[in-house]
Amino acid sequence: MRIDAHQHFWIYNEQDYSWMSEEHKAIQQDFLPQQLKPLLQKNGFDGSITVQARQSLQETEWLLSLAGEHPEVKGVVGWVDLCSPQVEQQLERYACNPLLRGVRHVVHDEPDDAFLLRDDFRRGIAALERFGLTYDLLIFPKHLPYAVDLVKTFPKQRFVLDHIAKPDIANRIVSPWGEDLAQLAAHPNVYCKLSGMVTETAWGNWEVEDFRPYLDLVFECFGTDRVMIGSDWPVCTLSGTYDGTMNIVKHYINRFTAEAQAQILGGNCAEFYGISQGEK
């Protein structure tokens with residue numbers, strides 16, 4: 001089973017998607033499962049993991065309803081208020097739906113760089129394991145040392161790093177991102193999504209080889225059994241096509257065995273999020 005490990009849906013409105021500036025004008029429109037499905041099929045993918053783009057319980061409910069209606073959506077990474085004293089009640093409310101696979105918070109937009117170290121946030125992370133839920137780390141390179149501290153504190157909690165932590169590919173900067181990435185990858189409970197790279201370089205003006213130094217480091221750190229391909233659709237369309245974005249990783253992994261390629265293109269994602277072959 002091939003799975004796109006990271007994509008989004010939304011019905012655009014200015015209030016809910018205030019993070020979209022003038023430069024995001026091309027994606028200030030609706031993106032729904034019926035638009036993604038032909039892209040998945042064309043590229044040989046059986047389904048996807050849809051990830052929250054709004055920090056609200058309504059977002060989680062909406063994504064779960066979409067996943068229930070569209071079998072190609074294999075799972076949802078939703079949002080709950082991990083800092084809330086009522087986090088366990090929120091998790092009880094949504095985790096009974098088997099389509100909820102994990103939770104994410106937009107940490108890289110928090111004004112406090114050390115947000116991951118907050119006591120209330122960590123109490124929320126501590127609650128996830130009981131519900132069998134994963135956590136997606138959405139951070140910038142400057143947050144990696146805090147992420148290392150977090151994952152070390154919760155060795156039984158499954159974490160996945162979104163967008164390889166958004167290194168500055170446009171300016172070819174690899175340090176200290178690479179060193180900090182290695183520290184994070186040293187913890188076996190952490191996976192990494194090969195996603196979000198095309199929007200960290202000059203939009204629409206890149207070559208496949210631009211990403212090689214970053215992919216080299218990711219695979220050096222995580223190997224082939226803890227990485228998963230993801231499109232970050234529709235955000236990726238700001239800088240390229242869906243096909244072109246996915247081909248960056250497909251081209252790179254041609255060097256690996258067929259078994260390793262199958263893991264990167266879906267097997268690792270299915271294992272991480274607990275998706276069985278043939279499931280819905």
Side-chain angles (χ1 to χ4, degrees), residues 5-6 8-10 16-19 49-65 67 75-163 165-166 180 183-193 195-196 226 228 230 269 272-275:
H6 197 103
H8 307 284
F9 297 124
W10 58 67
D16 285 342
Y17 300 95
S18 57
W19 57 268
I49 300 292
T50 191
V51 181
Q52 61 84 220
R54 297 178 297 168
Q55 303 211 124
S56 69
L57 297 177
Q58 291 76 20
E59 171 84 335
T60 303
E61 293 169 2
W62 182 65
L63 292 177
L64 287 171
S65 70
V76 170
V77 176
W79 183 88
V80 299
D81 188 353
L82 290 169
C83 296
S84 169
Q86 283 78 46
V87 64
E88 294 221 1
Q89 291 94 313
Q90 293 177 22
L91 290 170
E92 284 173 358
R93 177 178 175 184
Y94 298 111
C96 58
N97 187 326
L99 289 169
L100 185 68
R101 304 292 181 169
V103 171
R104 186 175 82 157
H105 186 85
V106 185
V107 171
H108 68 32
D109 283 354
E110 291 290 343
D112 179 9
D113 285 352
F115 182 86
L116 292 172
L117 306 186
R118 282 176 47 159
D119 288 342
D120 53 358
F121 179 78
R122 291 188 172 211
R123 280 197 299 271
I125 293 291
L128 295 178
E129 186 186 341
R130 181 161 74 84
F131 294 93
L133 296 173
T134 64
Y135 183 77
D136 270 53
L137 288 159
L138 180 60
I139 57 177
F140 290 138
K142 65 180 179 179
H143 301 112
L144 279 167
Y146 304 115
V148 172
D149 194 329
L150 178 71
V151 305
K152 182 167 53 179
T153 305
F154 299 99
K156 294 182 179 179
Q157 173 62 43
R158 290 171 295 151
F159 294 91
V160 62
L161 179 65
D162 289 353
H163 313 328
K166 296 183 173 239
D180 291 337
Q183 292 291 317
L184 186 68
H187 299 275
N189 56 323
V190 185
Y191 285 58
C192 184
K193 291 185 179 180
S195 59
R226 286 190 290 145
M228 57 188 83
C269 177
F272 179 80
Y273 285 115
I275 299 165

Practice prompt. Give the intermediate values and the outcome of salt bridge (Lys or Arg N to Asp or Glu O under 4.0 Å) for residues Lys142 and Asp180.
Written response: CA-CA 9 Å; Lys142 65 180 179 179; Asp180 291 337; over 6 Å; no
Discussion item. So, taking the atom named OH in Tyr94 and the one named CG in Leu100, what distance separates them when rounded to the nearest 0.5 Å?
Written reply: 10.0 Å
Discussion item. Can a donor-acceptor pair be found, under 3.5 Å and without considering hydrogens, that links the side chain of Lys193 to the backbone of Ala5?
Written reply: yes
Discussion item. Taking the basic N atoms (NZ, or NE/NH1/NH2) and the acidic carboxylate oxygens, is any pair closer than 4.0 Å for Asp112 and Arg118?
Written reply: no
Item to complete: Could you walk me through whether Val77 and Ile49 pass side chain to side chain contact (heavy atoms under 4.5 Å, CB included), step by step?
Response: CA-CA 7 Å; Val77 176; Ile49 300 292; 3.8 Å; yes
Discussion item. Set out, in order, the CA-CA distance, both residues' side-chain angles and the distance that settles salt bridge (Lys or Arg N to Asp or Glu O under 4.0 Å) for Arg158 and Asp136, then state yes or no.
Written reply: CA-CA 9 Å; Arg158 290 171 295 151; Asp136 270 53; over 6 Å; no
Fill in: Minimum heavy-atom distance Val160-Cys192, with the two atoms named
CG2-N, 3.8 Å
Worksheet item: If you look at every heavy atom in Gln89 and Pro85, which pair is closest and at what distance?
Response: OE1-O, 4.0 Å
Worksheet item: Would you say Glu61 and Arg93 make side-chain contact, with heavy atoms under 4.5 Å?
Response: yes
Fill in: Where Arg226 and Val190 come nearest, the two heavy atoms and their spacing
NH1-O, 2.7 Å
Worksheet entry | Phe159/His187 under side chain to side chain contact (heavy atoms under 4.5 Å, CB included): CA gap, chis, key distance, verdict | CA-CA 10 Å; Phe159 294 91; His187 299 275; over 6 Å; no
Worksheet entry | Closest non-hydrogen atom pair between Val106 and Leu138, with its separation | CG1-CD2, 3.8 Å
Response to the item:
Interatomic distance, CG@Asp120 vs CG@Leu82, rounded to 0.5 Å, equals 9.5 Å
Discussion item. Check the orientation of Trp10 and Trp19. Use parallel for under 30°, tilted for 30 to 60°, and perpendicular for over 60°.
Written reply: perpendicular
Item to complete: Dump the intermediate steps for side chain to side chain contact (heavy atoms under 4.5 Å, CB included) on Leu137 and Asp162, then the final yes or no.
Response: CA-CA 6 Å; Leu137 288 159; Asp162 289 353; over 6 Å; no
Worksheet, complete the sentence: dist Thr50:OG1 -> Leu63:CG (nearest 0.5 Å) comes out at 5.0 Å
Practice prompt. Give a yes or no on whether the backbone of Val103 and the side-chain of Gln52 come within a donor-acceptor separation of less than 3.5 Å.
Written response: no
Worksheet item: When rounded to the nearest 0.5 angstrom, what distance separates CG in Asn97 from OG1 in Thr60?
Response: 10.5 Å
Item to complete: For Ser65 and Trp62, indicate whether the former's side chain and the latter's backbone hold a donor-acceptor pair under 3.5 Å.
Response: yes
Practice prompt. Determine the interplanar angle of the Tyr146 and His143 rings, folded into 0 to 90°, and report it as parallel if under 30°, tilted if 30 to 60°, perpendicular if over 60°.
Written response: tilted
Discussion item. Looking at Val148, is its backbone amide N or carbonyl O close enough to the side chain of Gln183 to form a donor-acceptor pair, meaning the two atoms are under 3.5 Å apart?
Written reply: no
Worksheet item: Using the ring of each side chain (for Trp, its six-membered ring), is Phe121 parallel, tilted or perpendicular to Tyr135, with breaks at 30° and 60°?
Response: perpendicular
Response to the item:
Heavy-atom nearest pair, Ala127 first then Leu91, reads CB-CD1, 3.7 Å
Worksheet item: If you measure from the Lys or Arg side-chain nitrogens to the Asp or Glu carboxylate oxygens, is any gap between Glu88 and Arg123 under 4.0 Å?
Response: no
Item to complete: For side chain to side chain contact (heavy atoms under 4.5 Å, CB included), just list the numbers for Val151 and Gln157, CA-CA rounded to whole Å, side-chain angles, deciding distance to a tenth of an Å, and then say yes or no.
Response: CA-CA 8 Å; Val151 305; Gln157 173 62 43; over 6 Å; no
Discussion item. Please determine whether side chain to side chain donor-acceptor pair (under 3.5 Å) holds for the pair Thr134 and Arg101, giving the CA-CA distance in whole Å, both sets of side-chain angles, and the decisive distance to 0.1 Å.
Written reply: CA-CA 6 Å; Thr134 64; Arg101 304 292 181 169; over 6 Å; no
Response to the item:
Rounded to the nearest 0.5 angstrom, the NE2-SG distance for His105 and Cys83 is 6.0 Å
Worksheet item: If you round to the nearest 0.5 Å, how far is CE of Met228 from OG of Ser195?
Response: 9.5 Å
Fill in: Minimal non-hydrogen separation, Trp79 against Arg54, with atom names
CB-O, 4.1 Å
Worksheet item: So, does Gln90 use its side chain to make a donor-acceptor pair with the main chain of Asp81 at under 3.5 Å?
Response: yes
Worksheet item: Do Leu117 and Leu150 have side chains that get closer than 4.5 Å, going by heavy atoms?
Response: no
